[in-house]
Amino acid sequence: MTDTQHGPRGPHSAPADLPTQYAPAEVEGPLYERWVERGYFEADAESAKPPYAIVIPPPNVTGSLHLGHAFEHTLIDALTRRKRMQGYEALWQPGMDHAGIATQNVVERELAKEGTSRHDLGREAFTERVWRWKAESGGQISGQMRRLGDGVAWSRERFTMDEGLSRAVQTIFKRLYDDGLIYRAERIINWCPRCLTALSDIEVEYAEQDGELVSVRYGEGEDSLVVATTRAETMLGDTAVAVHPDDERYRHLVGRTVKLPLTDRAIPVVADEHVDPEFGTGAVKVTPAHDPNDFEIGRRHGLPALAVMDEHAVITAHGPFQGLDRLEARSAVVGALRAEGRIVAEKRPYPHSVGHCSRCKTTIEPRLSLQWWVKVGPLAQAAGDAVRDGEVTIHPKEMETRYFGWVDNLHDWCISRQLWWGHRIPVWYGPDGETVCVGPDEEPPSGEGWHQETDVLDTWFSSGLWPFSTLGWPERTESLEKFYPNAVLVTGYDILFFWVARMMMFGLYAMDGTPPFRTIALHGMVRDQFGKKMSKSFGNAVNPLDWMDAYGSDALRFTLARGANPGVDVPIGEDWVQASRNFCNKVWNATRFALMNGATVQGPLPDPAEMSAADRWILSRLNTVVAQTDALYDDYQFAKVSDTLYHFAWDEVFDWYVELSKTTFAAGGRAAEVSGRVLGEVLDVVLRLLHPVVPFVTDTLWTTLTGGESLVIASWPADSGFRDAAAEREIGTLQEAVTEVRRFRADQGLQPGQRVPAHLELAGTPLAAHEEAIRALLRLEPAGAEFSATASLPVAGAKVALDLSGAIDFAAEHRRLTKDLQAARKELTQTTAKLGNEAFLAKAPDHVVEKIRARRATAEADIARIEAQLENLPRG
RNA sequence: GGGCGCAUAGCUCAGCGGUAGAGCGCUGCCCUUACAAGGCAGAUGUCACAGGUUCGAUCCCUGUUGCGCCCACCA
């Protein structure tokens, strides 16, 4: 690389600066602060560079860093760091979400401990209290992100309740309201009787639960029918029984009434298509005030909705059940029905799906109430079309099906919450029933009888604006012009519906049809080393900070990146983090070696004519790896990027090239100089390629190696186009030969360090230029006068003769060679048979036939070699 | 009830029509002066089962079994 910026310390420091082991704890903290102080992560809206923006999926202000964040942040950080190095104006937009219910719950719990409640405080004092909580203990995650090395533009940090973002919320609310896309209506909503608020459909989690299905006789004698229910207590609010219009069994009852047990009411029997005659008795009790389906039936038949529970899910209906909680009421009602002999069947346990509040796990109570809604039809249509038209790409593609399935079948979105912490709905009600929606620059109506809506908005309403509200919208700021739309959204598939789809809807709506991002890259969930979901209750949850303390942030990051196959869950275990730590240490020591041997990045690369085959080989491979890395990054293949670099660095550079270069360095002279420059180049590029994933260790090493200011602002390597197939073949042959002799040595029980006299006949073979290296790698001494070969290994046309002084038993080697010979002969038979197959030759593509030919040739060569080796083995 | 996905080495996962791969783990030998957080060599798989397509299938098709996940208003 030629763009190394020299810092004040000169070309490079003495290798003695580097201890034999990498100590991340000493490096990471100060290094991160230096990056931030120098403003590397800040993004300039006025820059001439092309933009590359990613927003952070805003963590809850109540949250602290877990492995899921660490994972997601590693991916986003790697993407933005690479783009920054590629010369883009890279922006990783940080910030947090006010997390309505979650935060309110936290502060309410705090108040409960103090023996008070939000109701004692009142709305204003309570919200002040929440702000105070945020100032004191909120946003722990920001500090933890520094530990991870997240390269975010801290000066741009935003909070969804900031003034600017509140303005954005108010603006879009007003616009949607004026466009008729926000309305108020009374419907059945999901009600949490503990949080005392409405929830949207996706904030409800369904779980199989054992309940009881009781069949109850309504009415008397011939005019009776049996309905089944798992929620007996709601019968107090029944206002009809429904049957299918074509159901012969009940035709005579349709239009008539039956008496509702335990009450003095008679309720009509109605015919409705919704009823499945196959299910149960084919007759359904209808409770319009407490069941969404029943509500619809009620609407179709003009039935009254009779509410029998209050917001705490306590029975309000007059009579013996009044004041009972819904569960108490259920058994009481069943008991009373049983006493009247009206229970005709009971099924217990009866497993069925029950909805729970995603925040507090309380069972949801469907409840009739007046709420605010977003009419999602047109918005969702646009959100779907943007993906269908290819304006936005979802990665991996399989997730598109899920996206369409949701976006195309969306119910209206209930956006009002009966909470105090959040964006208060900007609507005022007048004394004569007027409703006025107030924009951000308008004075709310004042005077006798006017008051503002008390509900706040769903948290996801404001996070849906995140990609543009953080950039200053509704103002047309330079940042908005520059960084909208974002390049890509990186997030988990679990919030595809919660968040991604909403950003799509709002982004397209607010920004005149421009989607919020061009690509949606969905990642999986972090799991434990057995692929199990991590959870506190299961006891397998890990605090990422512990692992960062023990092994360094780079080790954690590398492990996560290495597991990141698109859209697939990522298992992680401590062993794997250790392995990554080992890799970081290996990089560290390889660089130490290079520094101790005069590796340099100074000056231009020598002419290839001056280089050894090993030099040309590694540079050829290096450039191939640069090209591969780019292709993989552009496809969000983080696991493969990491794996490619891991193997290239460790296997090829550190094991082979470094070992080969030792001979060169020992010899000194021009060849050593050339190799030193090549090694410097290779390390320089490898460190750059690794930097996005393991920023700390690479920056530390790179600045030492090159004297440059920082890898964060260094340039990303480009494939120079240099390839040398001949050198790659030559070194390949060398590797095979060395491995073959090593295997022989190992089989013979020779200790790795033991020097063995040997005579090498390499002239005229591809190995001719490598005698010194081969002797060094294989610990072969020059043969003395009394040399007598006891074993001779033919490899690649050359011959390596070893003097083993007759001390070795050759039986094992004979057995192994015989086994290999059999395998080679089998291969020969198979390939020959294949090449004799006319159908194969006629239909298989040329490259496959060539490959089989090559395999046959290899098998033949192997047989010859092994036979020769057996020949040379002493008998006995 | 729909939809999607997965079953490959002891574990976690890549591969996806032409001789089965990685990491960790395992076996043996070595502190070879960058690194024992290391080096070298090695073992391990009827690629879930049954059919089909093909010159050829772990890879494509159909079915079976066993697991996940998402969605849905089943009383």
Side-chain angles (χ1 to χ4, degrees), chain A residues 15 18 20-22 188 206 213 227-231 242 274-276 278-287 291-297 352-353 366 398-399 401-402 405-406 409 411 493-494 496-497 525 527-531 533 551 555 559 562-563 565 567-573 575-576 578-597 639-640 643 646-647 654-655 658-659 662 738-739 742-747 749-755 776-777 779 827 830-831 834 837-845 847-849 851-852 855 858-859:
Chain A
L18 299 180
T20 61
Q21 281 193 352
Y22 172 50
I188 295 275
Y206 288 88
L213 184 71
V227 301
T229 181
T230 54
R231 307 205 49 209
H274 168 261
V275 179
D276 175 7
E278 304 295 318
F279 188 92
T281 59
V284 175
K285 62 191 275 304
V286 180
T287 324
D291 183 281
N293 296 316
D294 294 5
F295 180 76
E296 291 304 319
I297 295 176
H352 62 131
S353 178
E398 301 89 81
M399 290 287 176
T401 317
R402 225 184 246 194
W406 194 74
N409 299 292
H411 297 298
Y493 60 70
D494 58 330
L496 185 62
F497 306 141
M525 303 293 115
R527 292 168 173 270
D528 75 6
Q529 68 268 48
F530 305 111
K533 197 178 263 179
Y551 308 109
T559 309
R562 222 179 161 190
N565 290 114
V568 178
D569 289 348
V570 187
I572 186 170
D575 287 357
W576 309 352
Q578 279 175 15
S580 299
R581 183 270 316 263
N582 295 352
F583 176 65
C584 293
N585 194 53
K586 186 74 184 178
V587 175
W588 180 267
N589 276 293
T591 309
R592 275 185 74 223
F593 169 84
L595 291 167
M596 290 162 80
N597 287 278
K640 293 190 177 75
D643 209 53
Y646 177 94
H647 286 291
F654 304 157
D655 282 346
V658 162
E659 288 308 316
K662 283 178 180 172
V738 168
T739 302
R742 276 177 179 161
R743 187 161 73 145
F744 177 79
R745 288 186 54 128
D747 285 351
L750 286 176
Q751 299 205 328
Q754 188 181 330
R755 308 263 160 195
L777 291 171
R779 320 266 150 201
E827 174 77 356
Q830 281 176 352
T831 47
K834 196 135 198 182
N837 182 335
E838 308 247 335
F840 168 73
L841 290 173
K843 298 198 177 178
H847 73 274
V848 172
V849 177
K851 212 165 164 181
I852 304 288
R855 276 172 52 194
T858 307

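Naming convention: chains lettered A, B, ... in sequence-line order (proteins, then strands); numbering from 1 in each chain.
Of the candidate nucleotides B/rA41, B/rA75, B/rA34, B/rA75 has the atom lying nearest to any side-chain atom of A/Asp276. Residue A/Phe593 places its side chain closer to B/rA34 than to any other of B/rG18, B/rA34, B/rA75. Taking every side-chain heavy atom of A/Phe654 into account, B/rA34 is the closest of B/rC4, B/rG39, B/rA34. The listed nucleotides are B/rG18, B/rU54, B/rA34; the one nearest the side chain of A/Lys843 is B/rU54. Closest contact between the side chain of A/Phe840 and the listed nucleotides B/rA75, B/rA34, B/rG18 involves B/rG18. Across B/rC71, B/rG39, B/rC13, the shortest atom-to-atom separation from the side chain of A/Phe497 is found for B/rC71. Side-chain proximity of A/Ala579 to the nucleotides B/rU32, B/rC35, B/rC24 is greatest for B/rC24. In the set B/rA75, B/rG23, B/rU19, B/rU19 carries the atom at the smallest distance from any side-chain atom of A/Lys851. Residue A/Thr229 has its side chain nearest to B/rA75 when only B/rA41, B/rC70, B/rA75 are considered. Here the side chain of A/Glu659 is nearest to one of B/rG38, B/rC29, B/rA34, namely B/rA34.
Applying the 4.0 Å criterion to OP1 and OP2 of B/rC70, one finds that A/Arg402 has every side-chain N and O outside that range. Put simply, A/Asn409 has no side-chain N or O that comes within less than 4.0 Å of OP1 or OP2 on B/rA72. For the OP1/OP2 pair of B/rC40 and a distance below 4.0 Å, the side-chain nitrogens and oxygens of A/Thr739 include no atom meeting the criterion. Proximity of A/Lys640 to the phosphate of B/rG15: a side-chain N or O atom is located under 4.0 Å from OP1 or OP2. OP1 or OP2 of B/rA41 sits under 4.0 Å from a side-chain N or O of A/Arg742. OP1 or OP2 of B/rU33 has not a single side-chain nitrogen or oxygen of A/Lys662 nearer than 4.0 Å. Using a 4.0 Å cut-off, some side-chain N or O of A/Gln751 falls inside it from OP1 or OP2 of B/rC30.
Among the heavy atoms of the strands lying under 4.0 Å from A/Asn837 are primed sugar atoms or P, OP1, OP2 only; no base atom is included. Within the nucleic acid shown, A/Lys834 comes within 4.0 Å of at least one base atom, counting heavy atoms only. Across all strands, A/Thr281 comes closer than 4.0 Å to no nucleic acid atom at all (heavy-atom distances). Counting any heavy atom pair closer than 4.0 Å across all strands shown, A/Pro292 reaches no nucleic acid atom. Within the 4.0 angstrom heavy-atom criterion, no nucleotide atom of any strand lies near A/Lys533. As judged by a 4.0 angstrom heavy-atom cut-off over every strand, A/Glu827 is placed among the base-contacting residues. Across all strands, A/Tyr22 comes closer than 4.0 Å to base atoms (heavy-atom distances). Backbone-only contact: A/Arg562 has heavy atoms under 4.0 Å from sugar-phosphate atoms and none from a base. Here A/His352 lies in heavy-atom contact (under 4.0 Å) with sugar-phosphate atoms only. Nucleic acid contact for A/Glu838: none, since no nucleic acid atom lies under 4.0 Å from a heavy atom of the residue. Across all strands shown, A/Phe295 has no heavy atoms under 4.0 Å from either base or sugar-phosphate atoms. Among the atoms of the strands shown, none is found under 4.0 Å from any heavy atom of A/Val849. Nucleic acid contact class of A/Asn597 (heavy atoms, under 4.0 Å, all strands): none. Nucleic acid contact class of A/Arg743 (heavy atoms, under 4.0 Å, all strands): sugar-phosphate only.
Atom-to-atom, CG of A/Asn582 to C1' of B/rA37 comes out at 4 Å; the value is rounded to the nearest Å. Taking atom CD1 on A/Ile852 and atom P on B/rG18, their separation rounds to 11 Å, with Å as the unit. Atom pair A/Gln529:CD and B/rG23:C1' shows a separation of 14 Å (rounding to whole Å applied). Rounded to whole Å, the distance from CZ on A/Arg779 to C1' on B/rC29 is 14 Å. Rounding to whole angstrom units, CZ of residue A/Arg592 and P of B/rG38 are separated by 15 Å. Here the P atom of nucleotide B/rC35 and the NZ atom of A/Lys586 are 10 Å apart, to the nearest Å. Between A/Asn589 atom CG and B/rG38 atom P the separation is 10 Å, expressed in whole Å. Between the NE2 atom of A/His847 and the P atom of B/rG18 there is a distance of 8 Å, rounded to whole Å.
Pairing partner, B/rG5: B/rC67, with both Watson-Crick or wobble hydrogen-bond distances short of 3.5 Å. Base pairing annotation: B/rU32 forms no Watson-Crick or G-U wobble pair, as no partner gives both donor-acceptor distances under 3.5 Å. Judged by Watson-Crick or G-U wobble contacts below 3.5 Å, the nucleotide B/rU44 has no partner. Pairing of B/rA14, defined by two Watson-Crick or G-U wobble distances under 3.5 Å, is not identified with any nucleotide. Pair assignment for B/rG56 gives none, since no Watson-Crick or G-U wobble pairing has each distance under 3.5 Å. In this structure, B/rA37 makes no Watson-Crick or G-U wobble pair, since no nucleotide meets both defining distances under 3.5 angstrom. For B/rG51, the paired nucleotide is B/rC61, the pair qualifying as Watson-Crick or G-U wobble because both relevant distances are below 3.5 Å.
B/rA9 and B/rC49: their P atoms are spaced 11 Å apart (whole Å). Only the P atoms considered, B/rA37 is 26 Å distant from B/rA43, to the nearest whole Å. With both ends at atom C1', the span from B/rG56 to B/rC6 equals 26 Å, rounded to whole Å. Taking atom C1' in both B/rU46 and B/rG42, one finds a spacing of 24 Å when rounded to whole Å. One P atom belongs to B/rG68, the other to B/rC13, and the distance between them is 13 Å to the nearest Å. Here, B/rG15 and B/rG45 have their C1' atoms 14 Å apart, quoted to the whole Å. Distance noted for atom P between B/rA75 and B/rG63: 30 Å (whole Å). Rounded to whole Å, the C1' atom of B/rU32 lies 10 Å from the corresponding atom of B/rC40.
One N or O on the side chain of A/Arg745 and one on the backbone of A/Gln754 form a donor-acceptor pair closer than 3.5 Å. Remark: the backbone N or O of A/Gln21 is not paired with any side-chain donor or acceptor of A/Asn585 at under 3.5 angstrom. Under the 3.5 Å distance criterion, the side-chain polar atoms of A/Asn597 are matched with a main-chain donor or acceptor of A/Phe593. Within the 3.5 Å criterion, the main-chain N or O of A/Val568 finds no donor-acceptor partner in the side chain of A/Asn565. Between the side chain of A/Asn589 and the backbone N or O of A/Thr20 there is at least one donor-acceptor pair closer than 3.5 Å.
Taking the six-membered ring for Trp and thresholds of 30 and 60 degrees, A/Tyr646 and A/Phe583 have ring planes inclined between 30 and 60 degrees apart.
For B/rA37, its base sits under 3.5 Å from the side chain of A/Gln21 at one donor and acceptor pair at least.
Side-chain contact between A/Phe497 and A/Arg402 is present, with heavy atoms from C-beta onward closer than 4.5 Å.
Residues A/Phe654 and A/Lys586 approach most closely at CD1-CG, 3.6 Å, considering heavy atoms.
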